[in-house]
Amino acid sequence: MCAILWVICALGAASTVSSNSLRTADGAVASDVVADGASTFLIMADWGGQDAAPFYTPAEKKVAASMGSMGANASFALAIGDNFYYSGVADVGSARFKATFEDVFDDPSLAAPKFFKVVAGNHDHVGNVSAQLAYAAPDASRWHFPALYHAFVETAADGTTLEVVMIDTVELAGDSGDDLAGWQLPGPASRLRSEAQWAWIDATLAASTASYLIVAGHYPILSVCEHGPTTQLIDRLAPLMAAANASAYLAGHDHCAEYLEHYGFAHHGVGAAHLYDASTAHAAAVPSASLKWHYLPGDAPSTKDDASRGAFAAATWDGASLRVVHYDQDGAEIFAAPPVPPRGS
């Protein structure tokens, strides 16, 4: 029932060389136009500024500018939660939409309809998540948040498909409250809603025929940073992704940049779009040898909650591979992950 209640179906337009189709929680499918030949997308999480004027951080402003410089070559961007620090928004008329989002991510290259594909984080759930869903309602809006969990398929110019499954990990694992670690999360507030989402995730992953299958959620499955691994996602999401031969999991929550390999797929931590925390407090909590890279700024190796530093990522896919590159707040490349081959290859 809840899966249906949260759905806002999006109507589409005619396809061009590259096409995009949307699958929401009730299975509805629509199409919209993306840039011809585009096979790149941008990735950010934990980007939501601050709750006092000017309502953004220096790092967020720099990340937005760097993303803007890459936007002309991207067909969409993922915004993986904690969209408005520290208590979400109260209603659809909140000034935070303009001050933290519209006025910061203001490069024309980021202005295409439905360009930002959004999911909620724990700080968003402190406020009124329904307001963030309602803000997505205008068809011309570049803010696309049709349901708490949703999926869409992109097709590159060479015909290679990419499916992104965006999930609400707070609904699945519970509220992090006063900065709980991943293993301390209390579990879902509503078992009924969480089980509905788990059933949708299972069905969506199993049905995917895309060349690359990505899941994006706010809480990480694995992380060495300040909150660490999320028990509920290890227990339930990782097996579903492994069974579906998923390509990668993209997460935020931890304000770091990291790359791990385990359970048969890649894990990217991209939760540093508004500040950087170099913590490795949970290095011993991940499987041995799973961590392949963690960003430690050379000139500030002990940085914590540094609002002048940030990070984001970009991914490119074609018939040969899926390639994810991490960047610092100024757009300098800091890590290129190993290419991921198409599923079934």
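The residues of the chain are indexed from 1 along the displayed sequence. The figures here come from the full heavy-atom set of this structure, side chains too, leaving out hydrogens, waters and symmetry mates.
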Whether Ser109 side chain and Gly68 backbone form a donor-acceptor pair below 3.5 Å: yes
Polar side chain donor-acceptor pair, Asp82 to His253, under 3.5 angstrom:
no
*No-hydrogen, no-angle side-chain donor-acceptor test under 3.5 Å, Thr40 and Thr316*: yes
Subject >> ILVMFWY network linking Val170 to Leu222, side-chain heavy atoms under 4.5 angstrom >> reply: yes
Is any side-chain heavy atom of Cys256 closer than 4.5 Å to one of Tyr276?
yes
(request) Report yes or no: does His267 contribute a side-chain atom to a donor-acceptor pair with the main-chain N or O of His262 at less than 3.5 Å? (result) yes
* Asp328 and Arg309, any side-chain heavy atoms less than 4.5 Å apart -> no
Worksheet item: Can you say whether the rings of Phe312 and Tyr327 are parallel (under 30°), tilted (30 to 60°) or perpendicular (over 60°)?
Response: parallel
Between Glu195 and Arg236, does at least one N-O distance fall below 4.0 Å, as a salt bridge requires?
yes
- [ ] In sequence, state the C-alpha distance, the side-chain angles, and the governing distance for Trp183 and His282, and then conclude on ring pair (Phe, Tyr, Trp, His ring centres under 6.0 Å).
- [x] CA-CA 11 Å; Trp183 57 270; His282 292 87; 7.9 Å; no
*asked:* For a salt bridge (Lys or Arg N to Asp or Glu O under 4.0 Å) check, start with the C-alpha distance between Asp168 and Arg193, then their side-chain angles and the critical distance, and finish with the verdict.
replied: CA-CA 11 Å; Asp168 191 298; Arg193 290 199 300 270; over 6 Å; no
Should the pair Trp143 and Phe101 be assigned to parallel (<30°), tilted (30 to 60°) or perpendicular (>60°) ring geometry? perpendicular
**Prompt:** Could you walk me through whether Gln232 and Leu237 pass the side-chain contact (heavy atoms from CB on, under 4.5 Å) check?
**Reply:** CA-CA 8 Å; Gln232 289 90 341; Leu237 181 60; over 6 Å; no
- Message: A side-chain contact here means heavy atoms from C-beta on lying under 4.5 Å apart; do Ser87 and His123 qualify?
- Response: no
Full working for ring pair (Phe, Tyr, Trp, His ring centres under 6.0 Å) between Phe145 and Phe116: CA-CA 8 Å; Phe145 193 179; Phe116 286 90; over 10 Å; no
- [ ] Check whether any side-chain N or O of Ser66 sits under 3.5 Å from a backbone N or O of Gly331 as a donor-acceptor pair, and report yes or no.
- [x] yes
**Q.** pair Tyr212-Thr160: side-chain heavy atoms closer than 4.5 Å
**A.** yes
For Leu185 and Ala173, the nearest pair of non-hydrogen atoms, with its separation, is CB-O, 3.4 Å
Heavy-atom closest pair (Glu60 atom, Gly48 atom, distance to 0.1 Å) is OE1-C, 4.3 Å
Tell me yes or no: between the side chains of His125 and Asp175, is some donor less than 3.5 Å from an acceptor?
no
Output yes when Arg142 and Glu102 qualify as a salt bridge under the 4.0 Å nitrogen-oxygen rule, no when they do not.
yes
Can you confirm if the aromatic rings of Phe115 and Phe76 lie within a centre distance of less than 6.0 Å? no
Shortest non-hydrogen pair, Val104 vs Ala99, comes out as CG2-O, 3.4 Å
TODO: Could you verify whether a donor N or O on one side chain and an acceptor N or O on the other, from Asn83 and Trp47, lie under 3.5 Å apart?
DONE: yes
TODO: Classify the side-chain pair Ser94/Arg96 by whether it contains a donor and acceptor separated by less than 3.5 Å.
DONE: no
>> Quiz question: by atom type and distance under 3.5 Å, do the side chains of Asp103 and Tyr56 form a donor-acceptor pair?
In response: no
Worksheet item: Do Leu162 and Val164 have side-chain heavy atoms sitting under 4.5 Å apart?
Response: yes
Across all chains, not counting sequence neighbours, the salt bridge (charged side-chain N to carboxylate O under 4.0 Å, His left out) partners of Asp158 are none
Can you get from Val118 to Leu42 by hopping between Ile, Leu, Val, Met, Phe, Trp and Tyr side chains that sit under 4.5 Å apart?
yes
**OP:** Compute whether any side-chain donor of one residue and acceptor of the other, for Ser39 and Asp318, lie under 3.5 angstrom apart.
**Re:** no
- [ ] Tell me whether the guanidinium CZ or amine NZ of Lys117 lies under 6.0 angstrom from the six-membered ring centre of Phe152 and within 45° of its axis.
- [x] yes
Notebook entry, point to check: Can any side-chain N or O of Asn122 pair as donor or acceptor with the backbone N or O of Gly177 at less than 3.5 Å?
Noted result: no
Exercise for review: Go through the steps to decide whether Val340 and Arg323 satisfy the test side-chain contact (heavy atoms from CB on, under 4.5 Å), and finish with yes or no.
Suggested key: CA-CA 7 Å; Val340 175; Arg323 304 171 295 281; over 6 Å; no
Parallel, tilted or perpendicular for His255 and His274, by the 30°/60° rule? perpendicular
Ring centre gap for Phe84 and Phe55 strictly below 6.0 Å: no
All heavy atoms of Val324 vs all of Ala313, minimum pair found to be CG1-CB, 4.3 Å
Do Ile234 and Val224 sit in one hydrophobic cluster, given that two such residues count as connected whenever their side-chain heavy atoms are within less than 4.5 Å of each other, even indirectly? yes
Task: Parallel, tilted or perpendicular: rings of Tyr259 and Phe335 (30°, 60°) - done: tilted
Any donor-acceptor pair under 3.5 Å from Ser194 side chain to Leu172 backbone
no
CA sep, side-chain torsions, deciding dist, call: Val286, Leu260, side-chain contact (heavy atoms from CB on, under 4.5 Å):
CA-CA 9 Å; Val286 301; Leu260 303 91; 4.1 Å; yes
Exercise for the section: For the pair Ser290 and Glu261, evaluate side-chain contact (heavy atoms from CB on, under 4.5 Å) and give the outcome as yes or no after the intermediate values. Expected result: CA-CA 5 Å; Ser290 61; Glu261 295 177 359; 6.0 Å; no
Practice item. Look only at the side chain of Arg343 and the backbone of Ala246, and say whether a donor-acceptor pair between them is shorter than 3.5 Å. Key: no
Residues Glu258 and Ser223: side-chain donor-acceptor under 3.5 angstrom
yes
Test ring pair (Phe, Tyr, Trp, His ring centres under 6.0 Å) on Tyr263 and Tyr249; report intermediate values, then the result.
CA-CA 11 Å; Tyr263 307 118; Tyr249 183 69; over 10 Å; no
- Task: Determine yes or no for a side-chain-to-main-chain donor-acceptor pair under 3.5 angstrom, with Asp306 supplying the side chain and Ser308 the backbone.
- Result: yes
Single-linkage hydrophobic cluster, 4.5 Å side-chain cutoff, Val126 and Phe97 together: no
### Query
Can you check whether Pro220's main-chain N or O pairs, donor with acceptor, with Thr230's side chain at less than 3.5 Å?
yes
*Could you label the plane-to-plane angle of the Trp200 and Tyr149 rings as parallel, tilted or perpendicular, counting under 30° as parallel and over 60° as perpendicular?*
tilted
**Message:** Would you say that Glu154 contacts Ser75 through its side chain, given a criterion of any heavy-atom pair below 4.5 Å between the two side chains?
**Reply:** yes
Closest non-hydrogen atoms of Ala242 and Phe265, given as atom of the first, atom of the second and distance, are N-CE2, 4.1 Å
So, does Ser211 use its side chain to make a donor-acceptor pair with the main chain of Pro342 at under 3.5 Å? no
Would you say the side chains of His268 and His326 form a donor-acceptor pair under 3.5 Å?
yes
Test of understanding: clusters of I, L, V, M, F, W, Y form through side-chain heavy atoms closer than 4.5 Å, transitively. Do Tyr85 and Val89 belong to the same one? no
Heavy-atom check, side chain of Ile80 versus side chain of Met44, under 4.5 Å
no
**Asked** Are the side chains of Leu250 and Ile214 in touch, meaning some heavy atoms are under 4.5 Å apart?
**Response** yes
For Ser279 and His294, the nearest pair of non-hydrogen atoms, with its separation, is O-NE2, 3.5 Å
I'd like to know if the side chain of Thr169 and the backbone of Tyr219 have a donor-acceptor N/O pair within less than 3.5 Å.
yes
